[in-house]
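Here's the structure we're looking at; comments come further down.
Below, chains carry the letters A, B, ... as their sequence lines are ordered, and counting in each starts from 1. The structure displayed is predicted, hence computed values, not measured ones.
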Amino acid sequence: MAETDSTPTHFIREIMLADKASGKHGGRVHTRFPPEPNGYLHVGHAKSIHINFGLAEEFGGKCNLRFDDTNPSKEEQEYVDAIIEDVKWLGGDFGNRIFYASDYFQQIYDWAVDLIKKGKAYVCDLTSEQVRETRGTLTDAGTNSPYRDRSVEENLDLFTRMKNGEFPDGSRTLRAKIDMASPNLNMRDPVMYRILRAEHHRTGNDWCIYPMYDWAHGQCDSIEGITHSICTLEFEDHRPLYDWFVENLGIFHPQQIEFDRLNLTYTVMSKRKLLKLVQDGLVQGWDDPRMPTLSGMRRRGYSPQGLRNFARNLGVGKTNGITEFEKLEYYIREDLNKTALRVMTVLKPLKLVLTNYPEGQVEQLEAINNPEDPSAGKRTVPFSRELWIEQDDFREVPPKGYHRLYPGNEARLRYGYIIKCNDVIKDPVTGEVTEIHCTYDAATRSGGESRKVKSTIHWVSAAQAVPVQVNLYDKLFNVENPNVTPEGQDFTVHLNPNSLTTVQAWAEPDLAKAKPGDRYQFERLAYFCADKTSTPEKLVFNRTVELRDTWAKVQKKG
RNA sequence: UGGGAGGUCGUCUAAUGGUAAGACUGCAGACUCUGGAUCUGCGUAUCGGGGUUCGAGUCCCUGCCUCCCAGCCA
């Protein structure tokens with residue numbers, strides 16, 4: 001995961017550098033990546049993974065993968081499995097250090113007893129509504145719970161009975177005794193445990209009380225000897241509570257550090273919203289290639305290296321911003337350009353006949369697999385009298401600046417010959433162009449003598465072409481920030497109805513050997529990735545990201 | 001209106017009292033058997049007002065704006 005080139009430093013690295021210099025924690029750096037298994041990981045997590053695993057590696061430390069599984073009503077094993085796969089795929093090295101908050105339930109319980117004995121926690125009989133009512137407001141102090149001053153003995157007894165299942169769900173809580181007048185609402189006697197009878201994906205029905213995030217997280221960090229507990233900005237207000245717990249317990253004190261989460265234009269990043277897209281069938285699952293999930297991006301063809309480069313170049317700060325989607329695409333293209341094999345595929349076919357080319361003749365032309373990487377080698381492409389070319393590469397009436405094929409004009413067939421367009425065949429009824437007739441110049445075969453022509457187009461020999469189903473993906477949303485919605489409507493109103501178009505295409509025969517997950521560049525078009533459902537009998541490709549298209553830009557401007 | 005955190009090109013990030021820099025985007029051009037890639041050039045920024053200082057994006061005061069917090073979610 002180490003990156004070689006220089007990137008600007010950031011405040012978290014500075015903190016670690018300072019801690020190392022001062023000998024804090026013996027100069028040790030140990031981080032953790034703590035997802036809740038209630039959904040799939042998304043690009044935002046890629047940033048967090050990069051920070052936590054990257055910094056640990058950089059400082060010669062470790063980063064644990066820890067599941068924050070303190071709420072069994074939302075968490076599932078499916079998510080655990082998917083998260084592990086995604087972190088590995090991105091290159092996060094957690095060795096055998098997969099931990100769960102639930103591993104520590106007993107210890108956390110014992111510590112709660114500790115706090116009760118110290119008079120710093122109490123069992124509260126208020127209902128959740130009453131707790132809310134007595135919490136006060138942003139401007140007014142809360143009021144003490146009438147159960148706040150129970151004796152240690154009574155608290156111990158009640159808490160034991162809570163654990164033993166003597167009380168119904170929601171009837172009681174264990175709360176920290178801090179300060180109901182604190183301007184920080186998190187300090188107004190926060191709930192530590194709630195009674196909740198739900199089967200836990202790991203502990204089954206062993207427990208009917210579960211610790212809240214605030215009561216569990218820092219303690220888990222402490223148990224694992226985490227030195228720097230990195231989380232997102234919304235937890236800044238929780239830091240005093242985080243500190244209060246470890247201090248009052250007198251246990252190892254990790255430092256919580258907050259950074260700004262990633263936001264991307266044209267995408268939603270909240271797990272709640274992503275879940276809705278999946279549950280409402282608005283996409284075809286968590287790994288739908290249009291999803292900003294890591295599994296969706298993987299299926300779409302994004303490479304781990306491209307994602308890492310992106311994450312590294314984001315920087316780490318504390319400002320709430322929104323990164324342009326184009327930046328992500330840039331780093332994906334940059335990596336794919338270096339690694340993806342080139343191949344010719346025609347998405348919108350138009351028949352082209354070389355009238356002076358011998359019928360039945362087939363030549364094998366040599367083509368370069370990746371001009372950016374000589375070690376990728378070469379392949380051959382069959383060439384014959386009848387070809388498919390892209391509809392966009394022919395215009396009966398060329399617009400200004402167009403220098404592909406049009407009547408009377410010459411163009412080169414990639415890796416083949418220079419051809420000249422002579423005739424246009426149209427459907428007598430519709431007037432639609434059905435075929436174009438050209439002649440080829442036998443002296444101009446690729447590699448031999450040449451003369452300048454203004455454009456080179458891709459093609460596929462009709463007789464040898466293999467059919468491919470191609471999924472053309474576009475942005476899932478059609479506005480920069482789908483979270484901003486008109487009154488009474490939700491983010492789904494911004495769904496792009498054209499985010500998926502499927503076409504049948506013709507590809508050169510070499511593509512038939514593609515395995516699911518293989519990434520290619522269909523020359524002059526875009527990068528594509530063989531879908532997980534693709535087989536040699538039925539090839540399916542997903543468009544990852546388009547090539548930059550200068551001509552399209554020129555046209556758009558008119 | 002309490003508390004917390006922020007505000008530098010269109011976007012993201014640097015500059016740690018000393019020439020406001022880079023990346024993405026945009027625009028223009030070169031090159032090209034991918035209108036790809038590559039290369040070159042151009043453009044736009046310190047939230048406002050005071051102050052300290054030889055010198056302020058940075059320090060002080062003051063105002064403004066944005067985000068987060070009133071789950072027995074994380």
Using a cut-off of strictly less than 4.0 Å, decide whether [X] has a side-chain nitrogen or oxygen near OP1 or OP2 of [N].
X	N	answer
Arg194(A)	rC73(B)	yes
Lys553(A)	rG26(B)	yes
Arg135(A)	rG71(B)	yes
Tyr330(A)	rC24(B)	yes
Thr319(A)	rA5(B)	no
Arg333(A)	rU38(B)	no
Thr139(A)	rG3(B)	no

How is Gln521(A) classified with respect to the nucleic acid when contacts are heavy atoms under 4.0 Å: base, sugar-phosphate, or nothing?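 If one applies the 4.0 Å heavy-atom cut-off, Gln521(A) turns out to touch a base.
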Select base, sugar-phosphate, or nothing to describe what Thr127(A) touches, counting heavy atoms under 4.0 Å on all strands.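 The residue Thr127(A) makes base contact.
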Fit a plane to each ring of [X] and [Y], take the angle between them on a 0 to 90° scale, and name the class: parallel (under 30°), tilted (30 to 60°) or perpendicular (over 60°).
X	Y	result
Tyr520(A)	Phe541(A)	perpendicular
Tyr109(A)	Phe159(A)	parallel
His238(A)	Phe235(A)	perpendicular

Give me the distance, rounded to whole Å, that separates rG26(B) from rA74(B) when you measure between the P atoms they each carry.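 Between the two P atoms, the distance is 43 Å.
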Roughly how many Å apart are rU58(B) and rU8(B), using the P atom of each and rounding to a whole number?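 Here rU8(B) and rU58(B) have their P atoms 13 Å from each other.
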Checking contacts here: which listed nucleotide ([options]) is nearest the side-chain heavy atoms of [X]?
X	options	result
Leu138(A)	rG2(B), rA74(B), rG3(B)	rG2(B)
Pro183(A)	rA23(B), rG35(B), rG3(B)	rG3(B)
Glu236(A)	rA5(B), rG36(B), rC12(B)	rA5(B)
Leu185(A)	rG3(B), rU34(B), rC69(B)	rC69(B)
Lys318(A)	rU16(B), rU32(B), rA5(B)	rA5(B)
Ser446(A)	rA37(B), rC33(B), rC73(B)	rC33(B)
Asn320(A)	rC67(B), rG35(B), rA74(B)	rC67(B)
Glu234(A)	rC72(B), rA74(B), rC73(B)	rA74(B)
Arg132(A)	rA74(B), rC24(B), rG71(B)	rG71(B)
Asp237(A)	rU34(B), rA74(B), rC68(B)	rC68(B)

Per the salt bridge (Lys or Arg N to Asp or Glu O under 4.0 Å) rule, which among Arg312(A), Arg13(A), Lys20(A) passes with Glu58(A)?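 In the set Arg312(A), Arg13(A), Lys20(A), the residue that makes a salt bridge (Lys or Arg N to Asp or Glu O under 4.0 Å) with Glu58(A) is Arg13(A).
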For Glu234(A) and Thr232(A), which I'm curious about, is there any donor-acceptor pair between the side chains at under 3.5 Å?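 Yes, a side-chain donor-acceptor pair sits under 3.5 Å.
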Assess, by modelled atom type and distance only, whether the side chains of Gln305(A) and Asp335(A) contain a donor and an acceptor separated by less than 3.5 Å.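 No pair is found: no donor N or O on one side chain lies under 3.5 Å from an acceptor on the other.
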Between rG35(B) atom P and Leu525(A) atom CG, what is the distance in whole Å?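 For the pair Leu525(A) CG and rG35(B) P, the rounded distance is 10 Å.
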When you check the gap from the basic side-chain N to the acidic O, do Arg150(A) and Asp125(A) get nearer than 4.0 Å?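 The answer is yes: the pair qualifies as a salt bridge.
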Electrostatic pair Arg66(A):Asp221(A) at N-O distance under 4.0 angstrom: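 Looking at Arg66(A) and Asp221(A), the cut-off is met.
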The dot-bracket string of RNA chain B, counting Watson-Crick and G-U wobble pairs with both distances under 3.5 Å, using [ ] for crossing pairs and | for pairs to another strand, is .((((((..((((....[..)))).(((((.......)))))....(((((..]....))))))))))).....
May Tyr213(A) be described as stacking on the base of rA74(B), applying a 5.5 Å centroid limit and a 30° limit on plane angle?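 The base of rA74(B) is not stacked with Tyr213(A) (the test needs centres under 5.5 Å and planes under 30°).
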Which residue lies more 5' along RNA chain B, comparing Glu36(A) with His403(A) via nearest heavy atoms: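 By nearest-heavy-atom nucleotide position, the 5'-most residue is His403(A).
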If you assign each of Ile322(A) and Asp69(A) to its closest nucleotide in RNA chain B, which residue comes earlier from the 5' end?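 Per heavy-atom nearest nucleotide, the more 5' residue is Ile322(A).
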